[in-house]
Amino acid sequence: MSHATRSTPRFPAIARIAAATLAATCLGAPLAAYAEDVRTVACAMQVDYLFNNVLRSTYQRDFTVSAGVPYKEDFSTVTRFRFFDASATHEADKSYRVTISYYNDVGVFDFVDFGTELTLREDRLSETNRATHSYFTSIGAPGERTTNWTLTCTRVKP
């Protein structure tokens with residue numbers, strides 16, 4: 001009766017330690033570098049819609065975005081479509097560009113729809129964009145419509 005033996009390669013302990021160290025270095029270093037590059041941008045959005053100087057709709061949201069991780073919200077009702085989307089890109093000059101899109105179906109004849117970009121430069125911790133838009137119409141319910149919005153973003157370091 002013969003016994004078959006299987007030969008297994010044997011490495012000295014030092015060779016196994018060196019191989020494990022090399023593998024950890026090769027796999028871990030890119031992850032650490034990636035973690036240092038990824039930064040989050042914390043933002044606050046405020047949108048007010050007024051009809052004849054009476055506040056009819058308001059939207060307030062704090063959110064975070066980072067490159068490749070957008071923020072999307074559908075705050076529609078049964079009768080009205082309402083959406084807010086935000087994304088960020090990390091630019092070559094180490095600034096962040098935050099892009100937002102807002103849509104709010106505020107009435108039968110009216111809707112608020114706008115988009116903007118905010119650039120958060122490397123040397124700035126925080127930036128703010130704001131605007132106001134007004135118009136008057138005699139179609140449907142006559143009167144003045146005003147939309148005020150403010151977007152503030154702050155760099156969050158890891």
Side-chain angles (χ1 to χ4, degrees), residues 19-158:
T21 302
L22 181 63
T25 302
C26 291
L27 296 175
L31 292 176
Y34 178 74
E36 289 175 9
D37 287 342
V38 174
R39 292 198 172 104
T40 301
V41 178
C43 299
M45 185 73 201
Q46 169 77 39
V47 182
D48 292 330
Y49 171 75
L50 295 89
F51 176 64
N52 289 331
N53 293 321
V54 175
L55 183 64
R56 290 295 186 93
S57 175
T58 188
Y59 178 81
Q60 298 175 349
R61 197 67 72 229
D62 294 330
F63 61 95
T64 59
V65 288
S66 57
V69 183
Y71 177 85
K72 295 184 179 285
E73 181 179 8
D74 178 349
F75 58 107
S76 299
T77 66
V78 175
T79 57
R80 301 283 177 235
F81 292 110
R82 297 176 174 148
F83 305 99
F84 178 73
D85 298 312
S87 62
T89 56
H90 191 208
E91 304 296 317
D93 64 357
K94 300 196 186 217
S95 66
Y96 284 90
R97 179 169 297 166
V98 178
T99 304
I100 64 112
S101 175
Y102 177 87
Y103 179 87
N104 187 345
D105 179 16
V106 294
V108 175
F109 299 104
D110 301 306
F111 61 90
V112 176
D113 184 16
F114 68 89
T116 191
E117 288 184 352
L118 178 145
T119 300
L120 188 55
R121 296 185 316 255
E122 182 184 20
D123 61 338
R124 299 292 303 259
L125 180 63
S126 183
E127 291 282 351
T128 299
N129 277 1
R130 62 177 47 98
T132 296
H133 175 74
S134 294
Y135 70 95
F136 184 90
T137 184
S138 58
I139 299 174
E144 181 183 31
R145 278 84 164 150
T146 303
T147 302
N148 303 311
W149 62 263
T150 303
L151 172 65
T152 300
C153 293
T154 304
R155 185 185 304 267
V156 179
K157 294 189 179 183

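One is the number of the first residue; the rest follow in order along the sequence. Note that the structure is predicted; figures quoted are calculated from it, not measured. Every heavy atom of this structure was used, including side-chain atoms; hydrogens, water molecules and symmetry mates were not.
- In the model, T89 has a side-chain atom that pairs as donor or acceptor with a side-chain atom of E91 under 3.5 Å.
- Atom CZ of R80 sits in a crowded spot, with more than 12 heavy atoms from other residues, nucleotides or ligands closer than 6.0 Å.
- Across every non-hydrogen atom of D105 and R82, the tightest pair is O-NH2, 4.0 Å.
- Under 3.5 Å, the side chains of N53 and T146 contain no donor-acceptor pair of N or O atoms.
- In this structure, the side chains of T64 and S66 stay at 4.5 Å or more apart for every pair of heavy atoms.
- No side-chain heavy atom of E144 sits less than 4.5 Å from a side-chain heavy atom of Y135.
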TODO: Might you work through the side chain to side chain contact (heavy atoms under 4.5 Å, CB included) test for S57 and N104, ending with a clear yes or no?
DONE: CA-CA 9 Å; S57 175; N104 187 345; 3.1 Å; yes
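- Under a cut-off of 6.0 angstrom, the local environment of CZ in F114 is crowded, with over 12 non-hydrogen atoms contributed by other residues, nucleotides or ligands.
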- [ ] Show the numbers, then the answer: is there a ring-ring contact (aromatic ring centres under 6.0 Å, His included) between F63 and F84?
- [x] CA-CA 11 Å; F63 61 95; F84 178 73; 5.3 Å; yes
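- Applying the 6.0 Å contact sphere to CZ of F75 captures more than 12 heavy atoms from other residues, nucleotides or ligands.
- Scanning for salt bridge (Lys or Arg N to Asp or Glu O under 4.0 Å) contacts around D48 gives an empty result, with sequence neighbours left out.
- Side-chain atoms of T58 and Q46 form a donor-acceptor pair, as typed in the model, at a separation below 3.5 Å.
- Using a 4.5 Å heavy-atom cutoff, the side chains of Y59 and E73 are in contact.
- The closest donor-acceptor contact from the side chain of R145 to the backbone of G143 lies under 3.5 Å.
- The structure places CZ of R121 at 10.0 Å from CZ of R155, a figure rounded to the nearest 0.5 Å.
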Open item on the list: If you apply the rule side chain to side chain contact (heavy atoms under 4.5 Å, CB included), what do you find for Y49 with N148, and how did you get there?
Closed with: CA-CA 7 Å; Y49 171 75; N148 303 311; over 6 Å; no
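- By the 30° and 60° cut-offs, the orientation of the rings of F83 relative to Y103 is tilted.
- For the side chain to side chain contact (heavy atoms under 4.5 Å, CB included) criterion with Y102, the lone passing option out of D113, T147, D85, V112 is V112.
- Minimum heavy-atom separation, S95 to H90: O-CD2, 3.5 Å.
- At least one side-chain heavy atom of V41 sits under 4.5 Å from a side-chain heavy atom of L120.
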Task: Derivation of the side chain to side chain contact (heavy atoms under 4.5 Å, CB included) call for I100 and L151 - done: CA-CA 9 Å; I100 64 112; L151 172 65; 4.0 Å; yes
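- The shortest side-chain heavy-atom distance between T152 and C43 does not fall under the 4.5 Å cut-off.
- The nearest pair of heavy atoms linking A86 to V65 is O-CG1, 3.8 Å.
- Here the side chains of N129 and E127 are not in contact, with every heavy-atom distance at 4.5 Å or above.
- Shown here for E122 and D93, the closest heavy-atom pair between the two residues is OE1-O, 3.8 Å.
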- [ ] Test side chain to side chain contact (heavy atoms under 4.5 Å, CB included) on T116 and W149 and set out the steps.
- [x] CA-CA 11 Å; T116 191; W149 62 263; 3.6 Å; yes
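- Here the OG1 atom belonging to T154 is positioned 10.5 Å from the CZ atom belonging to R124, to the nearest 0.5 angstrom.
- Formation of a donor-acceptor pair under 3.5 Å by the S126 side chain with backbone atoms of C153 is found in this model.
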